[in-house]
Colleague: 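Have a look at this one.
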Amino acid sequence: MSRPAVMRRMQEIAHVDVNCFYASAERVFNPALEGRPVIVLSNNDGCAVTRSPEAKRLGIGLGDPWFKLRPRAKEWGLVALSSNYELYGDISARVMELLGRYSAWLEVYSIDEAFLGVKGEPDELLVLGRAMKAACRRHVGVPVCVGIAPTKTLAKLCNKWAKNNPAFNGVCRWESVPVEQREALMARLSVIEIWGVATRLTKRLNAMGIFSILDLTRANPVAIRDKFSIVMMRTVLELQGTPCIPMEEERIGRDQLIFSRSFSTPITTAAGLRQVMSVYAQMASARLAKHDLQAKVLTAFAATSHFNPNEKSFPSVCVALPMPTADPVLLTKAAHALLPQVHEGTKYVRAGIMVTDLRPSGNQKPLEIFENPHEERSIGILLEDVAKRYGRGSIGLGHAGIKGGPDWSMKRDMLSPRYTTHWDELPLVKAA
DNA sequence: ATGAGCCAG
DNA sequence: GATTCTGGCTCAT
């Protein structure tokens with residue numbers, strides 16, 4: 001048997017992930033943050049969700065509450081920033097656009113991660129990985145790592161190795177790592193490092209004597225399916241090199257939309273919650289209209305703090321809408337059905353609405369007698385437009401439009417400018 | 001069909 | 001005093 005002169009290389013999958021994305025995005029426009037410990041905080045400046053390597057080295061953990069870090073921030077030289085989603089979304093779009101040039105087959109997996117279908121000889125693939133890494137640094141300004149492997153699960157694992165093992169220089173390809181080295185790495189990493197395995201599954205696996213990634217790789221996929229689930233079996237097969245998790249098309253249809261937030265200060269009145277419900281209903285309306293969707297069901301809820309066992313209250317209502325709709329008036333009215341259930345004086349720290357049973361609005365027109373006048377004029381979009389131009393609180397239906405009500409806005413004391421999306425927050429460059 | 005459970009980022 | 005938020009999937013009922 002003679003080998004063909006040109007071997008047809010198998011499809012491989014590259015996984016690209018921005019290192020500590022939010023912190024890196026902040027550094028793009030604030031180079032003074034380079035080399036310093038930086039953390040980005042969750043909504044309401046609650047806890048650390050992203051840490052630069054320098055911050056990790058200080059022992060700051062994911063989810064560490066800011067109030068515990070703050071006393072030592074100065075001594076550490078720690079910079080804490082409120083999350084600036086507008087900036088991150090824009091940086092993300094730039095990264096994804098750039099990656100799209102390297103493969104027609106790009107799956108944007110999250111705000112800072114993507115899978116790409118790639119083909120080529122082993123050394124070509126490594127060159128490609130390094131090129132993508134260099135391009136993200138050069139053209140967008142963020143550091144990324146790249147993992148390349150026959151399956152998504154292995155590509156994610158390689159990416160982790162690329163991140164944690166300086167010898168890889170940020171790019172790691174499964175097949176290019178000698179088997180003995182791979183097994184040594186897998187033997188000393190816990191199964192919890194694997195995509196799809198978290199604390200619960202780790203406990204159950206450990207109970208069966210499966211501790212390391214190598215243990216899991218050598219497990220019998222069928223036995224795993226019987227003891228766990230089809231998902232876990234796929235993970236094992238993927239570790240063994242059999243692709244089971246396909247590249248996905250862009251998600252278009254969603255089953256539900258949720259608008260929910262914790263408040264910076266608790267809301268204790270029905271009037272306050274009424275206002276919150278109005279705002280969320282209008283946000284939902286705008287989002288539905290944007291995607292040409294209508295909802296049939298709206299659920300509204302509020303909740304007291306889980307950390308206060310003395311005052312537990314979790315009111316919620318589920319409203320079947322009279323017809324599938326994206327109408328802000330109807331949604332607001334439905335959301336207000338929650339109000340009779342709220343106790344005056346109780347401290348609600350969180351509330352939200354969820355619209356479910358979504359369907360495309362385009363295809364079938366409702367009977368004329370059911371047609372809704374608001375919908376025709378796309379009030380949802382209009383409201384959103386005005387709010388964008390003149391600021392939230394400048395327009396709104398009912399109680400959403402009142403300024404100076406109770407303060408339930410997000411606490412973001414350390415917000416960086418939206419450098420790339422607002423003209424008045426552009427970075428200034430001074431030439432010497 | 002729906003809720004509980006688990007997971008990702 | 002303070003501990004994210006949103007969305008997806010599978011399995012059991």
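Chain letters run A, B, ... following the sequence lines, proteins first and then strands; every chain starts at 1. Everything numeric here is computed off the predicted structure, so don't read it as measured data.
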Colleague: Hey, does the side chain of A:Ser82 reach the backbone of A:Asp45 with a donor-acceptor pair shorter than 3.5 angstrom?
Modeller: no
Colleague: Starting at atom CZ of A:Phe21, determine the distance to atom P of B:dA8, rounded to an integer number of angstrom.
Modeller: 20 Å
Colleague: Which heavy-atom pair separates A:Met132 from A:Ala14 by the least distance, and what is that distance?
Modeller: CE-CB, 4.2 Å
Colleague: Between B:dC7, B:dA8, C:dA2, which one does the side chain of A:Trp195 approach most closely?
Modeller: B:dA8
Colleague: Between the protein and nucleotides 1-5 of chain B, which nitrogen or oxygen pairs are less than 3.5 angstrom apart?
Modeller:
none

Colleague: Sticking with atom C1', work out how far C:dT4 lies from B:dC7, rounded to a whole angstrom.
Modeller: 16 Å
Colleague: Taking the side chain as every heavy atom from C-beta outward, state whether A:Lys163 and A:Phe168 have any pair of such atoms under 4.5 Å apart.
Modeller: no
Colleague: Provide, to the nearest angstrom, the distance between the CD atom belonging to A:Glu113 and the C1' atom belonging to C:dG8.
Modeller: 15 Å
Colleague: For A:Ser110 and A:Asp112, does a side-chain donor sit closer than 3.5 Å to a side-chain acceptor?
Modeller: yes
Colleague: Check every strand shown and say whether A:Leu69 touches a base, only sugar-phosphate, or nothing at a heavy-atom separation below 4.0 Å.
Modeller: nothing
Colleague: Report the nucleotide, chosen from B:dA8, C:dA2, C:dT3, that has the shortest atom-to-atom distance to any side-chain atom of A:Phe67.
Modeller: C:dA2
Colleague: Among the candidates C:dT3, B:dC7, C:dA2, find the nucleotide nearest to the side-chain atoms of A:Thr199.
Modeller: B:dC7
Colleague: Output the rounded distance in Å from OH (A:Tyr85) to P (C:dT4).
Modeller: 11 Å
Colleague: Could you check how far CH2 of A:Trp66 sits from C1' of C:dT4, rounded to whole Å?
Modeller: 17 Å
Colleague: Across the strands shown, which category fits A:Leu201 at heavy-atom distances under 4.0 angstrom: base, sugar-phosphate, nothing?
Modeller: sugar-phosphate
Colleague: Indicate yes or no for a side-chain donor-acceptor contact from A:Arg225 to the backbone of A:Met232 under 3.5 Å, with no hydrogens or angles considered.
Modeller: no
Colleague: Within the structure shown, what part of the strands sits under 4.0 Å from A:Asp112 by heavy-atom distance: base, sugar-phosphate, or nothing?
Modeller: sugar-phosphate
Colleague: Just by distance, with hydrogens left out, do A:Thr242 and A:Gln240 show a side-chain donor and acceptor under 3.5 Å apart?
Modeller: no
Colleague: To the nearest angstrom, how far is A:Arg51 atom CZ from C:dT4 atom C1'?
Modeller: 15 Å
Colleague: How about A:Phe115 and A:Trp195: are their ring centroids closer than 6.0 Å?
Modeller: yes
Colleague: If I take atom NZ in residue A:Lys68 and atom C1' in nucleotide C:dA2, what distance separates them, rounded to the nearest angstrom?
Modeller: 10 Å
Colleague: Measure across A:Trp161 and A:Arg182 and return the closest heavy-atom pair with its distance rounded to 0.1 Å.
Modeller: CH2-O, 3.9 Å
Colleague: Under 3.5 Å, which donor-acceptor pairs link side chains of residues 71-78 of chain A to any protein atom two or more places apart or in another chain?
Modeller:
none

Colleague: Using atom names, set out every protein N or O paired with an N or O of nucleotides 10-13 of chain C below 3.5 Å, distance rounded to 0.1 Å.
Modeller:
{"residue": "C:dT10", "atom": "OP1", "partner": "A:Arg234", "partner atom": "NH2", "Å": "3.1"}
{"residue": "C:dC11", "atom": "OP1", "partner": "A:Ile230", "partner atom": "N", "Å": "3.0"}

Colleague: I'd like to know if the side chain of A:Ser190 reaches the main chain of A:Ile192, judged simply by a donor and an acceptor atom lying under 3.5 Å from each other, with no hydrogens or angles considered.
Modeller: yes
Colleague: Atom CD1 of A:Ile39 and atom C1' of C:dT4: how far apart are they, to the nearest Å?
Modeller: 14 Å
Colleague: Taking NZ from A:Lys152 and P from C:dC9, how many angstroms apart are they, rounded to a whole number?
Modeller: 12 Å
